[in-house]
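A short write-up of the structure that comes next.
Letters A, B, ... mirror the listed sequences (proteins, then strands); counts begin at 1. Please read these numbers as outputs of a predicted model, since none were measured by experiment.
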Amino acid sequence: MSRTKRVITNGEVARMLREIAMMLEMENVPFKPRAYEKAAYAVESLSEPIAELLEKGGERAIEELPGVGKSIAEKIVTLVRTGRLPYYEELHAKVPVDLSGLGAIEGLGPKNIKVLYEKLGVRTIEDLENAARLGKIRSLPHFGEKSEQKILRGIEFLKRSQGRFLLGAVLPLVRDIERRLERLSGVRRVAIAGSIRRCKETVGDGDLLVVADDPEAVMDFFVSMPEVQYVHGKGHTKSSVKLHMGMDLDLRVVPAQSWGAALSYFTGSKAHNVALRRLAMERGLKLNEYGLFRGDRAIAGQTEEEVYEALGLEFIPPELREDSGEIEAARQGKLPKLIDYGEVKGDLQVQTDWTDGAHSIEEMVEAARRLGREYIAITDHTRALAMVGLDAAKLREQMRYIDQLNGKLRGFRVLKGAEVNIDRDGSLDIDDETLSQLDVVGIAVHSHFHLSRAEQTRRIVRAMENPHADILFHPTGRALLKREPYDVDMEEIFAAALRTGTVLEIDGYPERLDLRDEHVRKAVEAGVKLVIDTDAHSVHHLDYLFFGIATARRGWATAADVLNTLPVEKFLAGLKGGRESAKPERKKLGAPKRRR
DNA sequence: GCCGTTTTCGGCCCGACTGTTTTCAGTCG
């Protein structure tokens with residue numbers, strides 16, 4: 001549909017590299033799959049388009065990416081310049097199937113995909129579903145009734161999440177489009193509305209609003225952007241397109257005097273809008289996307305603030321607009337003062353190249369500093385994650401290393417930490433003596449996802465009872481659009497957090513956002529202390545703090561609920577048992593204050 | 001195919017779990 005020459009996205013390059021890895025895996029090629037995966041990861045976590053990087057820095061710049069050498073760099077260059085990759089096509093001809101689609105089904109890997117293709121001709125998810133429903137899969141070697149059921153469940157889950165996109169994947173793209181619109185002449189205002197503005201963890205489509213002197217020109221620009229795959233419609237006030245990445249994006253041109261009303265209307269949520277309109281009605285007013293009216297006279301509408309004010313409400317931040325009590329609270333002037341996007345001072349989950357991270361401790365420190373953080377905790381994986389994890393000896397070595405590094409740093413502190421595995425029985429896979437020497441002990445579940453609710457809860461609570469366990473990382477273990485959380489009684493986790501002084505994490509990694517918004521709200525109500533961090537595995541991930549803070553805001557959290565809004569010494573003092581130089585603060589912890 | 005304050009060649013890719021199986025292949029982190 002679009003006539004502009006297509007620029008391949010980082011996501012598409014990464015996807016092809018990953019599919020190459022899968023195809024090499026099918027052939028039992030040693031080592032190479034991991035190399036391609038690493039390269040895919042590097043491309044994916046780039047903060048600029050790879051085409052731009054190539055243009056600016058040439059092949060050399062590509063080769064400098066971590067995990068990308070001469071051979072893969074050449075392939076990336078070919079792919080970006082020609083839009084095709086012969087090496088990929090050669091491999092793909094042998095197993096011409098939808099690798100990314102099939103591979104997205106939990107428990108289905110390259111080897112099984114190959115068998116399914118060769119024995120049953122399965123190429124797509126639909127083929128797979130048919131084969132499973134006909135009971136054809138159970139008779140395949142190394143498959144059985146259970147694997148057939150598991151496949152069907154996996155497909156079911158995938159279907160439910162289809163048409164949804166991660167906020168973290170969508171926001172950078174839509175912000176970029178927003179910036180380009182802002183630069184058009186005659187464009188006076190641009191804003192992202194809809195669920196993206198509310199920072200929902202996944203979104204179905206995107207909405208942009210503009211005020212423009214020449215709406216036609218804006219629409220022309222919008223429908224011919226290189227990202228556009230298909231134009232659903234193009235009119236004077238509204239155009240709608242499908243983007244190559246799959247999501248629909250709408251653009252609306254609104255009158256300047258209706259800006260606030262329109263922004264409110266198109267930000268939603270629908271339920272929030274209905275409640276606002278009801279409130280307007282009660283006051284003899286009418287609210288729509290053009291303004292707030294008494295009779296025919298507009299009494300508000302230019303800004304959102306004046307709309308809320310005219311309705312007798314405090315301004316309600318977009319993240320709260322879900323009709324879940326925010327209107328009543330705003331009416332009573334009792335909205336919490338949400339934690340602000342600039343208020344988190346330290347990042348508490350950071351992986352480095354000591355384990356599965358892409359960058360060194362120094363690189364992570366440097367990047368965190370540039371972003372204005374005052375401290376980070378290095379929390380590499382431990383032992384039981386066998387491929388990558390540090391054992392106690394290695395952990396101690398890293399501690400010494402960090403001590404030395406801290407000696408050289410001014411105005412920034414690197415905390416010694418770890419992401420310690422919770423074993424099946426709730427014990428930790430690093431000894432207490434070693435743990436006691438760390439500044440920050442994060443504990444996390446990485447195995448046995450399918451225990452019963454009772455067993456899973458008991459296991460995690462037991463781990464929280466360890467006197468050295470400071471923070472429970474990604475408490476529910478979900479992977480958005482991919483994997484359900486494990487079955488755990490969150491009420492009991494909150495109770496255990498209060499009882500033991502264990503802090504719960506809001507993991508800002510866009511696929512996790514764990515605790516999720518609703519859990520944050522319950523935790524806050526219970527008085528549980530939280531931290532917000534990024535789970536960064538590369539310097540580019542340190543930006544994910546935004547998504548963590550957005551999730552905290554959606555959960556009605558204030559700065560007081562979030563321990564790492566404190567400077568480092570006070571933060572450490574707030575951890576279980578207090579740490580180091582900060583003993584006097586210890587008492588303040590246990591007794592949570594209640595708000596609202 | 002990548003990488004190098006012990007290597008420019010020779011390591012890297014471990015271990016637990018699941019579901020299929022009487023000894024193991026595939027997946028996941």
Close N/O contacts between protein and nucleotides 7-12 of chain B (under 3.5 Å):
none

Give every donor-acceptor pair under 3.5 Å between a side-chain atom in residues 63-80 of chain A and any protein atom, sequence neighbours left out.
unit_1: A:Ser71; atom_1: OG; unit_2: A:Lys75; atom_2: NZ; d: 3.1
unit_1: A:Lys75; atom_1: NZ; unit_2: A:Tyr36; atom_2: OH; d: 3.3
unit_1: A:Thr78; atom_1: OG1; unit_2: A:Glu74; atom_2: O; d: 2.9

Please compare A:Pro30 and A:Gly107 by the position of their nearest nucleotide in DNA chain B and report the one closer to 5'.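 Comparing both residues, the 5'-ward one is A:Pro30.
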
Does A:Ile105 or A:Pro66 map to a spot on DNA chain B nearer the 5' end, using the closest nucleotide for each? A:Pro66

Tell me, which pairs form a salt bridge (charged side-chain N to carboxylate O under 4.0 Å, His left out) where one or both residues lie in residues 125-142 of chain A, sequence neighbours left out? A:Glu129-A:Arg133, A:Glu129-A:Lys159, A:Arg138-A:Glu145, A:Arg138-A:Glu148

Which pairs with one or both residues in residues 104-119 of chain A pass salt bridge (charged side-chain N to carboxylate O under 4.0 Å, His left out), sequence neighbours excluded?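 For residues 104-119 of chain A, and leaving out neighbouring residues, there are no salt bridge (charged side-chain N to carboxylate O under 4.0 Å, His left out) pairs at all.
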
From [atom1] of [X] over to [atom2] of [N], roughly how many Å is that when rounded to an integer?
| X | N | atom1 | atom2 | result |
| --- | --- | --- | --- | --- |
| A:His537 | B:dG29 | NE2 | P | 11 Å |
| A:His446 | B:dC17 | NE2 | C1' | 16 Å |
| A:Leu24 | B:dG1 | CG | C1' | 10 Å |
| A:Asn421 | B:dG29 | CG | C1' | 9 Å |
| A:Arg424 | B:dC28 | CZ | C1' | 17 Å |
| A:Ile72 | B:dC2 | CD1 | P | 4 Å |
| A:His450 | B:dT18 | NE2 | C1' | 9 Å |
| A:Tyr486 | B:dC17 | OH | C1' | 16 Å |

Got A:Ser100 and A:Glu19 here, is their nearest side-chain heavy-atom distance under 4.5 Å? yes

Side chains of A:Met399 and A:Leu438, heavy atoms from C-beta outward: is any pair under 4.5 Å?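 Result yes, sub-4.5 Å side-chain heavy-atom pair found.
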
Nucleic acid contacts of [range], taken as heavy-atom distances under 4.0 Å to DNA chain B:
| range | value |
| --- | --- |
| residues 454-465 of chain A | none |
| residues 391-407 of chain A | none |
| residues 111-133 of chain A | A:Lys111, A:Asn112 |

Tell me what A:Lys70 touches on the nucleic acid: a base, only sugar-phosphate, or nothing, going by heavy atoms under 4.0 Å.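 If one applies the 4.0 Å heavy-atom cut-off, A:Lys70 turns out to touch the sugar-phosphate alone, with no base involved.
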
Between [Y] and [X], is the closest basic N to carboxylate O distance under 4.0 Å?
| X | Y | answer |
| --- | --- | --- |
| A:Glu397 | A:Arg400 | no |
| A:Glu25 | A:Arg34 | yes |
| A:Arg369 | A:Glu374 | no |

Measure the spacing between [atom1] of [X] and [atom2] of [Y] and express it to the nearest 0.5 Å.
| X | Y | atom1 | atom2 | value |
| --- | --- | --- | --- | --- |
| A:Asp470 | A:Leu348 | CG | CG | 10.0 Å |
| A:His537 | A:Asp353 | NE2 | CG | 12.0 Å |
| A:Gln456 | A:Glu492 | CD | CD | 12.5 Å |
| A:Leu167 | A:Thr551 | CG | OG1 | 8.0 Å |

Pairwise [atom1] distance for [N] and [M], with rounding to whole Å:
| N | M | atom1 | result |
| --- | --- | --- | --- |
| B:dT6 | B:dG1 | P | 28 Å |
| B:dC12 | B:dC17 | C1' | 23 Å |
| B:dC2 | B:dT8 | C1' | 12 Å |
| B:dT27 | B:dT20 | P | 14 Å |
| B:dT23 | B:dA16 | P | 22 Å |

Please name all residues satisfying side chain to side chain contact (heavy atoms under 4.5 Å, CB included) with A:Arg462, sequence neighbours left out, ordered by chain then number. A:Asp425, A:Ser427, A:Glu465

For A:Ala104, the side chain to side chain contact (heavy atoms under 4.5 Å, CB included) test, sequence neighbours excluded, returns A:Leu158

Could you go over nucleotides 19-21 of chain B and give all protein N or O partners under 3.5 Å, atom names and distances?
unit_1: B:dT20; atom_1: OP1; unit_2: A:Gly144; atom_2: N; d: 2.7
unit_1: B:dT20; atom_1: OP1; unit_2: A:Gly144; atom_2: O; d: 3.2
unit_1: B:dT20; atom_1: OP1; unit_2: A:Glu145; atom_2: N; d: 3.4
unit_1: B:dT20; atom_1: OP1; unit_2: A:Lys146; atom_2: N; d: 3.4
unit_1: B:dT20; atom_1: OP1; unit_2: A:Ser147; atom_2: N; d: 3.1
unit_1: B:dT20; atom_1: OP1; unit_2: A:Ser147; atom_2: OG; d: 2.6

Hits for ring pair (Phe, Tyr, Trp, His ring centres under 6.0 Å) against A:Phe473, two or more places apart or cross-chain, chain-then-number order -> none

Watson-Crick/G-U partner (both atom distances under 3.5 Å) of B:dC2: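 Across any shown strand, B:dC2 pairs with B:dG11.
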
A:Asn564 side chain to A:Gly346 backbone, donor-acceptor under 3.5 Å: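 Here the side-chain-to-backbone pair exists.
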
Contacts table for residues 509-519 of chain A: side-chain donor-acceptor under 3.5 angstrom, sequence neighbours left out:
unit_1: A:Arg512; atom_1: NE; unit_2: A:Asp535; atom_2: OD2; d: 3.3
unit_1: A:Asp514; atom_1: OD1; unit_2: A:Thr476; atom_2: N; d: 3.1
unit_1: A:Asp514; atom_1: OD1; unit_2: A:Thr476; atom_2: OG1; d: 3.0
unit_1: A:Asp514; atom_1: OD2; unit_2: A:Thr476; atom_2: N; d: 3.1
unit_1: A:Asp514; atom_1: OD2; unit_2: A:Thr476; atom_2: OG1; d: 3.2
unit_1: A:Asp514; atom_1: OD2; unit_2: A:Gly477; atom_2: N; d: 2.7
unit_1: A:Asp517; atom_1: OD2; unit_2: A:Arg554; atom_2: NE; d: 3.1
unit_1: A:Asp517; atom_1: OD2; unit_2: A:Arg554; atom_2: NH2; d: 3.2

Would you indicate, yes or no, if B:dC17 has its OP1 or OP2 atom less than 4.0 angstrom from a side-chain nitrogen or oxygen of A:His448? yes

Does B:dC3 have its OP1 or OP2 closer than 4.0 Å to a side-chain nitrogen or oxygen of A:Lys38?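 The answer is no; no side-chain N or O of A:Lys38 sits under 4.0 Å from OP1 or OP2.
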
Check: A:Thr352/A:Asp380 side-chain N/O donor and acceptor closer than 3.5 Å: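 Side-chain D/A pair, A:Thr352 to A:Asp380: present.
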
